[in-house]
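Working notes, beginning with the structure itself.
For the numbers below, each heavy atom of this structure counts, side chains included, while hydrogens, waters and symmetry mates do not.
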Amino acid sequence: GSWPAARGGVEGSLMDAFDPTPGPSSSPKGDDPSGPRPVVGHDLTMGYLGVMSILVGIIILLPLLLLPFYPEELSVARCFLLPGLGAIGVGALLARRIKGRPHGRMYKGQDATVIVLTWLVAMNVGALPFVLTGDYDFSQAVFETMSGLSTTTLTVTDVAAAPHLILMYRSVLLFFGGIGLVLVVVSAVSDTHGMRIYGEEGHTDRLLPNLARSARLIMGIYCLYIGVGTIALTCAGMSVFDALNHAMGAVATGGFSTKADNVAAYDSPLIEVILMVLMMLGATNFMLHMRLLKRRFGTFFRDIETRTFLVATAVAVALVTAILYATGTCPTLASALRVGAFQAVSAVTTTGFQTVPSLAGWPSAAMLVLVVVMVAGAETNSTGGGIKQWRAALLVRMLVWDIRDHVTHRRCVHSNMVERYDRRVPIGAEERQEVLVFVLLYVVVLLAGTFVYTCFGYSLEDSLFQFASALGTVGLSIGIPLETASPWLLWATTIGMFLGRLEIYPVLVVATHVAQRGNKMLRHHARH
């Protein structure tokens, strides 16, 4: 749900996370005093970071599996080999700090620190294959990497000229970024590794009592959808390579395509329908997928978030279709429905696939609808972004409750309950405040990013749409040529994607503690 409840309420000093001196609560209850001393502080942080670094190295090396099929791209392999092996080597050295030792409790803010550092490492190390090709400068490479990991898929890549290894690498980034780096690690190792930082990536999806088994189950569902989607797209006329890349993108809700014209290159209604289904599955809360697969449809459709998501999708499709037809953008109602449905679903699921070459020139009313659903985003515990439909649903309910409380007698007592998963749950004042604070932060960041774009000469409408797409990790583009954009604009957009993927709070917590520590050091030096 809302951030502190879902993420463990990260607070406290950043320096506590890096202080190797164990505190009074560093040893878990029940540890044997005569056994190995629990690893805490700096070693714990670096150890977890090492495990994550190994995963980043594996991600970089995975595209090399395509070499037997494209041996002519052997010269590109070195771009992946060196940074991949380097990341694994460094990660292995760091992971030795926690190998075979019991883990103490994390200090305040340490879980946020680990996840922010993990994503910074993934973003910068993952950019090296792009840089080594010689086709990207560092700003472009980091932008492309963060766009993939955050499943935003705004791109600076010339898809028509890019090697297959690069195209597959972008899809691999989508695959792991969509499901979450921490979830992949938790699914591969025991519960003691990565457990405490699991929630920091936005996951509250524990389907089974054992978190590692739950993570494996989620990975299994995720891979199942991609596999079925690949087969379906192949049968619909795509090549196996294209089908795999598009299925990975759709389920990860990221719109990287292997074609310069994106999905429009295929001009196939069947392919578009398959992709819409995959996008909707990827944007649905994974806590509810088990209900769906077990045919517990009543539970699935009673959930407040699912109902809000389906209503938002239906309304967006209807509005965009009507606007495109009424304004003559599409000549027939059938063509308006086809284009409007796909682009609305792509926006509300925060995927970013397009069946039109550019959204530039679309009616402002249609663009406004897309901005609203991009901001609202997908469901919690899904691969999508935005403020999430759970918060959007609560905002609507809170408005209704507030109006109700103003028009009813003061002595009336109302229970603020919503359907969540298998039961009705109360929504207290604390959770309502958390939702409001997060939405306020999101809007502030959105306005700040929009302001940056306007400073580079773009119109307010174009700036708002482009940055809403970046912050919501969507990837729909208004036609701004990012491949020739200023490095400052690329970095601003990269920061927006980074904040959107980590949902702002962990980054804010770490930045605040770094600033506090800096002030303490300055005061210390001033006194001495």
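With values rounded to the nearest 0.5 angstrom, Ile115 atom CD1 is found 5.5 Å from Met52 atom CE. The distance from the CG atom of Leu471 to the CD1 atom of Ile495 is 12.0 Å, given to the nearest 0.5 Å. Taking CG from Leu174 and CD1 from Ile179, the interatomic distance works out to 12.5 Å, rounded to the nearest 0.5 Å. The line from CE of Met248 to CZ of Arg170 is 12.0 Å long, rounded to the nearest 0.5 Å.
Looking at Thr473, its side chain never comes within 3.5 Å of a backbone N or O of Arg501 through a donor-acceptor pair. Ser147 places no side-chain N or O within donor-acceptor distance of the main-chain N or O of Phe143, the cut-off being under 3.5 Å.
Residues passing the side-chain contact (heavy atoms from CB on, under 4.5 Å) test with Val372 are Leu368, sequence neighbours excluded. Applying the side-chain hydrogen bond (donor to acceptor under 3.5 Å, both in side chains) criterion to Thr349, with sequence neighbours excluded, gives Thr351. By the salt bridge (charged side-chain N to carboxylate O under 4.0 Å, His left out) test, Glu379 is found to be paired with no residue, residues two or more places apart in sequence or in another chain being considered. Checked against side-chain hydrogen bond (donor to acceptor under 3.5 Å, both in side chains), Thr355 has the following partners two or more places apart in sequence or in another chain: Gln343. Scored by the side-chain hydrogen bond (donor to acceptor under 3.5 Å, both in side chains) test, Glu419 finds no partners at all (sequence neighbours excluded). For Arg338, the salt bridge (charged side-chain N to carboxylate O under 4.0 Å, His left out) partners two or more places apart in sequence, or in a different chain, are Asp267, Glu272. Scanning for side-chain hydrogen bond (donor to acceptor under 3.5 Å, both in side chains) contacts around Gln354 gives an empty result, with sequence neighbours left out. Listed by chain and number, the residues in a ring pair (Phe, Tyr, Trp, His ring centres under 6.0 Å) with Phe130 are Tyr136, Tyr169 (sequence neighbours excluded).
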How far apart are the C-alpha atoms of Ile60 and Val125, what are their side-chain angles, what is the distance that settles it, and do they pass the side chain to side chain contact (heavy atoms under 4.5 Å, CB included) test? CA-CA 9 Å; Ile60 293 174; Val125 177; 3.9 Å; yes

Check the pair Arg391 / Glu503 against salt bridge (Lys or Arg N to Asp or Glu O under 4.0 Å), numbers first and verdict last. CA-CA 12 Å; Arg391 296 187 181 99; Glu503 296 196 354; 3.2 Å; yes

N/O donor-acceptor pairs under 3.5 Å from side chains in residues 217-231, not counting sequence neighbours:
unit_1, atom_1, unit_2, atom_2, d
Tyr222, OH, Phe175, O, 2.8
Tyr225, OH, His289, ND1, 2.7
Thr230, OG1, Ile226, O, 2.8

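Screening residues 226-252 for ring pair (Phe, Tyr, Trp, His ring centres under 6.0 Å), with sequence neighbours left out, gives Tyr70-Phe241, His164-Phe241, His246-Tyr266, His246-Phe353. The salt bridge (charged side-chain N to carboxylate O under 4.0 Å, His left out) pairs that include a residue from residues 242-259 are Asp242-Lys259, where partners are two or more places apart or lie in different chains. Applying the salt bridge (charged side-chain N to carboxylate O under 4.0 Å, His left out) rule to pairs touching residues 246-258 yields nothing, sequence neighbours excluded.
Lys388 and Glu305 are not joined by a salt bridge, as no carboxylate oxygen comes within less than 4.0 angstrom of a charged side-chain nitrogen.
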